[in-house]
Structure formats: C-alpha cells, structure tokens
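Following: one structure in structure tokens, then a few remarks.
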Amino acid sequence: MILYYKRAIKDILDNRFLNAVTIITIAISILIVSAFALFFVNVNDIMSHWKKGIRIMAYLKPGIPEEKISDIKVKIQGMNGVQDARFISKDEALMRLKKQMKRQSSLLEDLKENPLPDAFEIRMTTSSQSKDIIERLATRLESLPQIDEVEYGQRWLGRFTNIFNLLKLTGYAMGGLFFMAVVFIVSNTIRLVLYSRREEVTIMRLVGATDRFIKAPFYIEGLIQGALGGIIGLIALFVTFMFISFNMEQDLSFGFSTIRFLPPKVFCGIILCSMFVGWLGCYLSLKQFLK
Amino acid sequence: MIENQNKSSIIRMFHVHKDYGAKKALIDITLDISKNEFLFIRGPSGAGKTTLLKLLYLGETVSKGQVLIDGINLSRIPRKRIPLLRRKYGIIFQDYKLIATKTVFDNVAIVLEAMGKKRRFIEKKVRSVLRTVGMEERLHSLPPILSGGEQQRIAVARAIVGDPKIILADEPTGNLDEDSADIVLDLLKRFHTRGATVVIATHDKELIRKTSKPGGRVVHLKEGCLQKTTTSESGSDDSLL
Ligand SMILES: Nc1ncnc2c1ncn2[C@@H]1O[C@H](COP(=O)(O)OP(=O)(O)OP(=O)(O)O)[C@@H](O)[C@H]1O
Ligand SMILES: [Mg+2]
C-alpha cells in the first residue's frame, strides 16, 4: 500500500504540469459549485428564520375590558394551526418599541398617550406555516368582533420560495455540468499520463504485474488530485467569503442572523465529491486504456 | 489428451503456427521441453526464435495449434491469470525492455514488488542480484545512460531476481564482451543446476559450443520451421544449416 502511494506521488511529481492543470481545473469548478452551495445554505437559513418568525398579529379594538381578553385568548388558541397566542398589552408593546429603537427612543418619551393598540401575537405550529393555512386563519381572526385588524407581513414569502426553488434547480444543473466537465478533464489527464507511460505499463505486465498493481497508483493519483483540487477550491471560496462577509456586515447588518460559511458536513461532502470525481475520471480512462 | 503424453514436460508446443498477417513466422512447430532442461533454439536472423519465445509467455497468441505450460493450455487461460503465468518465467528480452524512467534498482525491484514481496526483502535481494551481474554501483542510474552491455546485465538481473522456474533468454549475450558473457552464462547454468528450465535463443554457434552441457539439446529453426534437433555430442553437424 505504501508502495502504491509512493508511486502515485512520484507520478504526480513527474507530471507536474499536467497534474497542476488538473488540480486547478478541479479547484475552479469546486469554487463555482460550492459558491452556489454557500449561497443556498445562507438563503435557506434566512428563509427558515423568516418562516420561524411567521406570526400573526391580531390588533384589538380599543377599550376591550380586561376580563374579555382571556376569553378571546382561549378562542384563538382553539383555532386550527395555532401553537400559542400571547397577549401583548399596549404598554408592553410600547416598551418593546422603545427597546428596538434604542437611540431614537427619546422620540417616544414625549408621548402623552400610548397610541398603540392591545394585540395578540399568534405563533403557528411548524406544520401549518403554509400560505393557505395562514390566510384562512387570518380571515377567521378578522371575523371575530373584538379584532380590529390582522397583520401578517410575509405574503411575498411564497413567491420568493418559488424563485428560490428555481435558482436551486439551476444550481443543480450547473453542478451536474461541472461534474461532467471535471470528470472529462481528469480522465483526459490520466489518459495523457498513461499514454506517456504505455511502454512502462507494457513492460510491467510482461514481468508479471497484475492490472491491480498497475492501476492502483493511478487511482491514488486521481483521489489526491480530487482532494487537493477540492481543498484549494474551498480555501479560495473561504477567502472570498471572508472578504465579502466582512464588508457586508459593516454595510448592512441583517439584524436577525449573520451569514455563515458552509457547515462542516457540506464541507466534507464537497471534498468527498471532488475525490469521487478524481476517482471516476481515473476509472474511465483506465477502463479504456487497459481494455 | 496431449496433456498426458509426457509428465515431465514443462513446455509443450503442439502443431503451432504463427502468422503475422501474410508473413508466416512459425510453421507447424511441435516441441516438448522437459523440466530442468537446458535447451538452445538456434537459427539465423528472422528464423522465428523471438516469436517462439513470445508464444510461451503470451506476448503473442498462436494462430493455430496449442501451447501448454505446466499443463495449462494457454489458449484457454483467463486474462486474470496471465500475470501468474508470467511470474513462472524470468525473461531476458532481446531488446532488454528496461523502463527508461526508472532507476536500475527500480527496474529490477518491480518484479518483486508485483509479487507483493516485503520492502526489506526486495532491498536485499535486488542488491545481491545486481552484485552478481556486476552492476551494484549503478543502482541509481537510469538505463538509457548505460552501455548496451550494462543494460543487458540489468535485463539479466531482472530475469533472475524472482527465482523463476523457467528462464527464457533471447540472445542473452548479444552485447557482452567475452568475460561478461561468461558471467551471464554461468548464472544461467547455476539456475539450471538449482532446478530451473533454461531456454536460450541465439544465432551464435560459438556460444552453444561453449555453453551446452553434454547431452543438451539444440533445436534448429529456419524460416519458421523446425529443421532438426541435435545434442551437443552430435553437435558437429552444424554445417547442415
Ligand atoms: N510483429 C510483427 N509483425 C510482422 N512481422 C513480424 C513481427 N514480429 C516478427 N515478425 C517477422 O517474423 C519473422 C520472425 O521474427 P523473429 O523476431 O521471431 O526472428 P528472430 O529469429 O528472433 O530473429 P533475430 O535473430 O534477428 O532476432 C521475421 O521475418 C519478422 O520480420
Ligand atoms: Mg529475435
């Protein structure tokens, strides 16, 4: 086994130029594909954050007596898809507003009277966060006599999901294309290497070497190319990512969550994928070469 | 049925023909070589000596007829077993067939590596074999910078390093001065004494006269046909060729 590794590494060094080209090609492809992956991971994050944040605010008409409030609460909680309804008095709402506005909160100090209404904040169960269910619930809430207005700002979320899915599809298609291109390139490099060593391969066979013995270093070579290309591609992505996220965090803070790099699982997945590509390229050219 | 004719035959050729396109390189060769024989195949250039050896290690396949090695019919051997067949042989190729990009050491070691031998064993064995052929100082050289005779000695070293059962030597001394040639021939003889079967193809009758043991067979090949077989006692009728 060690012998195979030694031979593989020697091979790579002997064919430095070819191998460098292959590794760089793999790296660039990995960079592009994983940039897509990174984009999806973050958009997905943001979307699920929004989804989790989907809540319906039901504002009460002014002057509803306190005893009535718990009645309404029970009624709301009995509705389909509601996980929990929390009463937010207008005083509490004002407090929250002040907290959110921080520096500008002095503006609110001068208010003689609290202009905010009492409200219920309604959270949905996870299974009923679809647009339809939310809309149905909203109409039912509106039909309650004590409720003045119902608000749920995420109407556009549905449309956004569609766009996101389309992008995702494009991402997969591009990933597939790059995959094929890289397999093609790797198999061609290995073929060139094989071609330059055909005499050596013939001699090795004449002195009793098995196909396995001859092939093993090439496979290791393919795997090393894949791994190196993957790692270099991801490092390049990481550097780009750091650069972009550094600038972004200063310009526009998202307020809810910061963007993040690929999770370790995806990271490893990409490297494994890239190694697989190296292996497959090798497999294809060897299959052809050794009939 | 041919399999049972002669138990001690290690190589059997039965009505073998070999054509290269229209060129008939071998015509109706029937030849038995027994275990531990020391056999010469003699013939002028183009007689088909190299071709005959190639058929034995499946460097080429027969056009007609059968070849049996150790009782195994080569036309029925599965692809996977060909490496095992080739490990029975130590082959000194007429054109040496050294790997130009590997050092002398690696060229010889590859035989043992392919067999899966341990690194330490390989190191020792290769060095000792190279010493026997007088090439231990050129361990790290690449073959193309060596002289023809030196390359030939490397080829000999590679052929014997795996302790093969059968040695096929194609003009093994073609490029050697008399002293080096004697060393190589002594080596082959030594292997023969230790039980190996040795087949030497050559056009050099001086070599045969010098080397053949009493009673050793010489097979004469001409234009692809087996002319006759002589033994070294009756070797004086060489004039017929
Ligand atoms: N691959 C081939 N294709 C076509 N013809 C071939 C091929 N190999 C050998 N021959 C022909 O077959 C004949 C026998 O060749 P072979 O190499 O066996 O001769 P030889 O006895 O080894 O000669 P020498 O002593 O010169 O090595 C020659 O006429 C040669 O031209
Ligand atoms: Mg020849």
Side-chain angles (χ1 to χ4, degrees), chain A residues 1-22 188-225 282-291, chain B residues 50 53-54 56-60 78-103 106-123 142-144 154-155 157-168 170:
Chain A
M1 232 21 219
I2 298 164
L3 176 73
Y4 291 158
Y5 279 107
K6 266 196 195 148
R7 271 167 61 202
I9 288 165
K10 190 170 175 299
D11 255 26
I12 290 181
L13 293 178
D14 284 354
N15 298 283
R16 248 164 283 156
F17 181 71
L18 270 181
N19 277 287
V21 170
T22 313
N188 261 315
T189 327
I190 304 250
R191 188 172 337 202
L192 283 176
V193 174
L194 274 171
Y195 193 73
S196 70
R197 327 211 122 188
R198 65 198 182 287
E199 202 178 345
E200 179 181 333
V201 170
T202 318
I203 292 172
M204 275 164 47
R205 290 173 132 183
L206 284 179
V207 299
T210 55
D211 280 358
R212 219 194 86 181
F213 178 81
I214 294 169
K215 282 176 184 172
F218 288 106
Y219 277 121
I220 294 172
E221 203 175 319
L223 289 176
I224 291 177
Q225 282 177 348
C282 198
Y283 173 79
L284 291 177
S285 62
L286 280 174
K287 209 175 136 168
Q288 201 191 32
F289 188 77
L290 298 175
K291 286 178 280 68
Chain B
T50 302
L53 295 182
K54 277 184 182 164
L56 301 182
Y57 60 83
L58 281 176
E60 292 283 352
R79 218 184 102 86
K80 279 204 137 169
R81 316 257 334 210
I82 294 178
L84 291 180
L85 166 78
R86 289 181 179 155
R87 285 181 204 171
K88 292 183 204 276
Y89 297 112
I91 309 172
I92 304 167
F93 298 95
Q94 189 170 11
D95 53 356
Y96 318 141
K97 294 204 192 303
L98 300 175
I99 300 171
T101 52
K102 284 190 190 295
T103 62
D106 287 340
N107 261 284
V108 178
I110 198 147
V111 175
L112 301 175
E113 287 168 356
M115 288 170 146
K117 298 282 191 221
K118 291 244 162 49
R119 192 73 226 168
R120 295 242 324 265
F121 171 80
I122 294 176
E123 189 85 20
L142 294 176
I154 308 302
R158 185 183 60 190
I160 61 176
V161 75
D163 287 321
K165 278 166 84 166
I166 306 169
I167 292 182
L168 305 179
D170 200 349

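In what follows, chains are A, B, ... by sequence order, proteins preceding strands, each numbered from 1. Because the structure is predicted, anything quoted here is derived from the model rather than measured.
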| said: Given heavy-atom pairs under 4.5 angstrom as the criterion, report whether the side chain, backbone, both or neither of B:Lys102 touches chain A. | reply: side chain
| message | Are there residues of residues 193-203 of chain A whose heavy atoms fall under 4.5 Å of chain B's heavy atoms? If so, which? | response | A:Glu200, A:Ile203
| field | Inter-residue atom distance A:Thr210.OG1 - B:Arg86.CZ, 0.5 Å rounding | value | 12.0 Å
| said: Quick check on the structure: residues of residues 89-96 of chain B within a heavy-atom distance below 4.5 Å of chain A, by number. | reply: B:Ile91, B:Phe93
| So which of B:Arg87, B:Arg158, B:Lys80 has the largest heavy-atom pair count under 4.5 angstrom toward chain A? | B:Arg87
| message | If I measure from the heavy atoms of chain A, does B:Ile82 come under 4.5 Å with its side chain, its backbone, both, or neither? | response | neither
| task | Return yes when atom CZ of B:Arg119 has more than 12 non-hydrogen atoms of other residues, nucleotides or ligands closer than 6.0 Å, and no otherwise. | result | yes
| query | Counting only heavy atoms not in A:Phe17, do more than 12 sit closer than 6.0 Å to its CZ atom? | reply | no
| said: Can you confirm whether B:Lys117 is buried at NZ, in the sense that more than 12 heavy atoms of other residues, nucleotides or ligands lie under 6.0 Å from that atom? | reply: no
| note | Correct closest heavy-atom pair for A:Gly208 and B:Pro83 would be O-CB, 3.6 Å
| said: For B:Ile99 and A:Met204: C-alpha separation, side-chain torsions, deciding distance, then whether side chain to side chain contact (heavy atoms under 4.5 Å, CB included) applies. | reply: CA-CA 9 Å; B:Ile99 300 171; A:Met204 275 164 47; 4.2 Å; yes
| request: Compare every heavy atom of A:Ala209 with every heavy atom of B:Ala114, then report the nearest pair and how far apart it is. | output: CB-CA, 3.7 Å
| Near A:Tyr283 OH, under 6.0 Å, is it more than 12 heavy atoms from other residues, nucleotides or ligands? | no
| Of all residues at least two apart in sequence or in a different chain, which pass the side-chain hydrogen bond (donor to acceptor under 3.5 Å, both in side chains) check with A:Lys215? | none
| request: Could you tell me which residues satisfy side-chain hydrogen bond (donor to acceptor under 3.5 Å, both in side chains) with A:Thr189, sequence neighbours excluded, listed by chain and number? | output: A:Thr22
